[in-house]
Every structure is written in C-alpha cells, then in structure tokens.
Amino acid sequence: MRIIIAKALNPVLEMVEYEIGEGSLEFKKNYEEKKIIGKGGFGLVYLFEHKLLKLPFAVKIFAPAFYEGGEKELERFFQEARMLFKLNHPSIIKVYDAGLIGSRPFIRMEYFEGLNLNEILIKYGRLTPAKALIAMKSIIEGMKYAHEEIGIIHRDLKPSNIMASPPKQFRIIDFGLGIFVENELHSRLTKTGESTVSGYYNAPELVENPKLIDKRSDIYSLGAIWFTLITGQPPAGTSILESIREIEGVSDLYIDCIIKCLANINMRTKNCELLLEEVNKL
C-alpha cells in the first residue's frame with residue numbers, strides 16, 4: 001500500500017517542486033510554458049516561449065533520480081553536460097542552456113517542430129527503402145560527428161529519439177543520458193521503473209551491461225532503426241534476413257549494410273565512418 005501511495009504522490013510532489021521551487025519563478029520571468037511535448041528519458045520535455053523574443057524552445061526537466069545524490073552528483077552532471085554544448089551539427093538538436101529549477105536540472109534546447117520516426121511509422125506506415133536511406137544517411141552523419149569529433153556515444157538511439165520534418169530534415173535528440181550512467185545512478189533509475197536501455201533497439205551487449213560505453217553499440221541501434229523503417233517492425237528472432245528480403249527494391253548491398261550493423265559486436269561495422277562509406281555506395 002505504501003508503494004502504491006508513493007507512486008501516486010511522487011509525480012504530484014515533483015510538479016509542486018517544479019512550480020514553486022527555487023529558480024522556478026526566475027525562469028518563468030523570461031519564459032512562458034505552453035505544454036508538455038515529450039515524456040521519457042528520465043524527465044519531461046516542455047515547450048516554452050521566450051516572452052521577449054517570441055521564440056519557442058524545448059526544455060527538458062530531469063527526474064529526481066538525477067539530483068538525489070546531492071551537490072556532488074549535480075556538479076558532475078553539469079560537468080559532463082558541457083559536452084552537449086559542443087554538439088553543433090544539422091542532424092543533432094542544438095543545446096542552448098542548462099541550469100536548475102528547484103533542485104531539478106534542466107536543459108534548454110532547439111525546438112524542432114515535426115514528428116519522431118516512431119510517430120511517422122504509426123501514422124504513415126513503413127518507409128520505402130529509398131526514403132529510409134535518405135533518413136539513415138542524415139542520422140549516420142550526425143552520429144559520425146558525435147562519435148569522432150566530440151567523443152559522445154548516445155546509447156539510447158531509437159525511432160522516438162529521431163525527429164523528422166519535411167523536406168528531408170532529421171534531428172537526433174536525447175544525448176543527455178549517454179554521458180551520465182554510472183553504477184549508483186543506473187541502480188537508482190532502475191528502481192524507479194525506468195530502464196537505461198531501450199530493448200529492441202539496444203545491442204545485446206548493452207542489454208547485458210547497461211554501463212557499457214562502446215560506439216559499436218550505437219551502430220547496432222542504427223541498424224535496428226533502419227530495419228524498422230523498411231519493415232515496420234523492430235528486429236527480433238531469427239527471421240531478420242528473411243524479413244528484409246521480402247521488401248521490394250532492396251539490393252543485396254542494401255541488405256548487407258543493415259545486417260552488418262546488427263551483427264555480433266566483433267563482426268559488426270566498426271564505426272560510423274565505415275558505415276557512411278557503405279551507405280554512399282547504395
């Protein structure tokens with residue numbers, strides 16, 4: 001009974017802290033809250049409008065698990081979050097600011113109006129191989145930049161973390177979790193019912209060891225997203241190859257490119273640079 005009551009009260013208490021906590025009133029002097037536009041990734045994402053500039057921004061306010069460890073943990077969170085400000089690529093959501101509302105850390109980002117790939121699949125169905133290739137090329141270019149130029153591994157790539165808007169615009173979101181998962185935090189997040197990995201789209205080695213930091217795990221996720229875009233279903237079981245071969249207009253090279261992303265880690269395409277080279281041949 002206590003657990004049930006606690007689960008019911010926690011969201012209420014979090015909202016109270018967000019509304020009246022130290023820093024909240026100061027934030028709201030400049031920004032007007034419009035609505036909640038996203039949930040997950042251990043926090044809520046709000047649409048805010050700057051009152052003077054009349055410009056929209058997305059603001060992610062993180063869950064209590066990110067500050068329950070006290071000042072030292074918060075300090076480390078912001079120290080590592082500095083890397084997010086270095087991400088400057090047309091295929092990655094731009095981060096503008098970070099701070100605290102009450103005790104809760106927030107990140108202010110570019111507001112990108114569109115649908116995520118999961119929403120697109122639900123609304124329009126699977127993509128043609130040609131359209132999926134356009135999307136994947138943009139996404140892989142963004143991840144190549146993050147891996148090679150900045151040194152950030154995402155660790156939570158999935159269709160809902162890729163935003164899309166015509167014409168041919170794509171943005172990778174939610175890099176924040178990939179840089180801040182350690183033993184204690186992982187354990188704490190798991191107890192809240194959240195998972196630091198995303199099942200179908202995470203590499204087997206990451207599911208076994210959620211604290212693993214390896215760019216090849218992102219390669220697997222890219223392959224899993226690609227597979228989902230053209231088949232309508234995430235990869236699972238032993239019918240992966242058969243499922244792709246049933247799709248019209250898919251060449252052997254196209255199939256091979258996806259299969260090598262989904263291979264065992266030692267056989268997998270090693271990095272996004274090599275993957276992009278293969279994609280450019282299709």
Notebook entry, point to check: With a 4.0 Å cut-off, would you call R216 and E205 a salt bridge?
Noted result: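 No, no charged N to carboxylate O under 4.0 Å.
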
Note to self: Regarding K60 and D174, does a basic nitrogen lie under 4.0 Å from an acidic carboxylate oxygen?
What the structure shows: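 Between D174 and K60 there is a salt bridge, with a charged N closer than 4.0 Å to a carboxylate O.
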
Taking the side chain as every heavy atom from C-beta outward, state whether [X] and [Y] have any atom pair closer than 4.5 Å.
X	Y	value
I172	F170	no
L87	Y145	yes
N202	S217	no
H89	E149	no
M143	L157	yes
L276	K137	yes
H50	L52	yes
C272	I219	yes

Notebook entry, point to check: Checking side chain to side chain donor-acceptor pair (under 3.5 Å) for the pair H147/D218: CA distance, chi angles, key distance, verdict?
Noted result: CA-CA 9 Å; H147 284 178; D218 279 351; 2.8 Å; yes

Mind checking the [atom1]-[atom2] spacing from [X] to [Y]? Nearest 0.5 Å is all I need.
X	Y	atom1	atom2	value
M163	F112	CE	CZ	6.5 Å
L84	D97	CG	CG	12.0 Å
E273	L275	CD	CG	11.0 Å
L241	E246	CG	CD	10.5 Å
T128	E248	OG1	CD	11.5 Å
D252	I244	CG	CD1	11.0 Å

Is a side-chain donor or acceptor of [X] paired with a backbone partner of [Y] at a separation under 3.5 angstrom?
X	Y	value
S91	I139	no
S239	E242	no
Y200	K158	no
N271	K215	no
S160	N118	no
R104	F62	yes

Cluster check [X], [Y]: I/L/V/M/F/W/Y, side chain < 4.5 angstrom:
X	Y	value
I122	L117	no
Y124	L127	yes
I265	F227	no
V59	L53	yes
L274	L253	no

Should we count [atom1] of [X] as having more than 12 external heavy atoms under 6.0 Å?
X	atom1	result
K94	NZ	yes
Q233	CD	no
N264	CG	yes
E277	CD	yes
E119	CD	yes
K168	NZ	no

Item checked: Partner of I61 under side-chain contact (heavy atoms from CB on, under 4.5 Å), chosen from I36, V45, I101, L44 ->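 Among I36, V45, I101, L44, the one that satisfies the side-chain contact (heavy atoms from CB on, under 4.5 Å) with I61 is I101.
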
Note to self: Applying the side-chain contact (heavy atoms from CB on, under 4.5 Å) criterion to L47, which one of E113, K35, E32 satisfies it?
What the structure shows: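 Going through the options one by one, the only one that passes is K35.
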
Item checked: Residues forming a side chain to side chain contact (heavy atoms under 4.5 Å, CB included) with P90, sequence neighbours excluded ->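 Per chain and number, P90 pairs via side chain to side chain contact (heavy atoms under 4.5 Å, CB included) with no residue.
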
Margin query: I need the full list of ring pair (Phe, Tyr, Trp, His ring centres under 6.0 Å) pairs touching residues 246-272, with sequence neighbours left out, sorted by first then second residue.
Written below: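 For residues 246-272: W226-Y254.
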
Note to self: On a heavy-atom basis, which atom in I92 and which in A146 lie closest, and how many Å separate them?
What the structure shows: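 Heavy-atom minimum between the residues: CD1-CB, 4.3 Å.
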
Next item on the list: Work out which heavy atom in T228 is nearest to a heavy atom in P234; give both atom names and the distance.
Entry: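 In terms of heavy atoms, the two residues are closest at OG1-CA, 3.2 Å.
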
Margin query: If you apply the rule side chain to side chain contact (heavy atoms under 4.5 Å, CB included), what do you find for R126 with I230, and how did you get there?
Written below: CA-CA 5 Å; R126 66 191 187 190; I230 64 172; 6.0 Å; no

Check: Using 30° and 60° as the class limits, which term best fits the ring planes of Y31 and F48: parallel, tilted or perpendicular?
Finding: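 Answer is perpendicular, since the angle exceeds 60°.
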
Note to self: Using the rule given for side chain to side chain contact (heavy atoms under 4.5 Å, CB included), can you reason through L100 versus F106, listing the C-alpha separation, both sets of side-chain angles and the distance that settles it, and then say yes or no?
What the structure shows: CA-CA 6 Å; L100 291 173; F106 74 85; 5.5 Å; no

Check: Do L121 and L229 pass the side chain to side chain contact (heavy atoms under 4.5 Å, CB included) test, and can you show the C-alpha distance, the side-chain angles, and the key distance before you say yes or no?
Finding: CA-CA 7 Å; L121 287 168; L229 292 181; 4.3 Å; yes

Checklist line | side chain to side chain contact (heavy atoms under 4.5 Å, CB included) between I37 and Y111, worked out | finding: CA-CA 10 Å; I37 56 175; Y111 173 63; 3.9 Å; yes

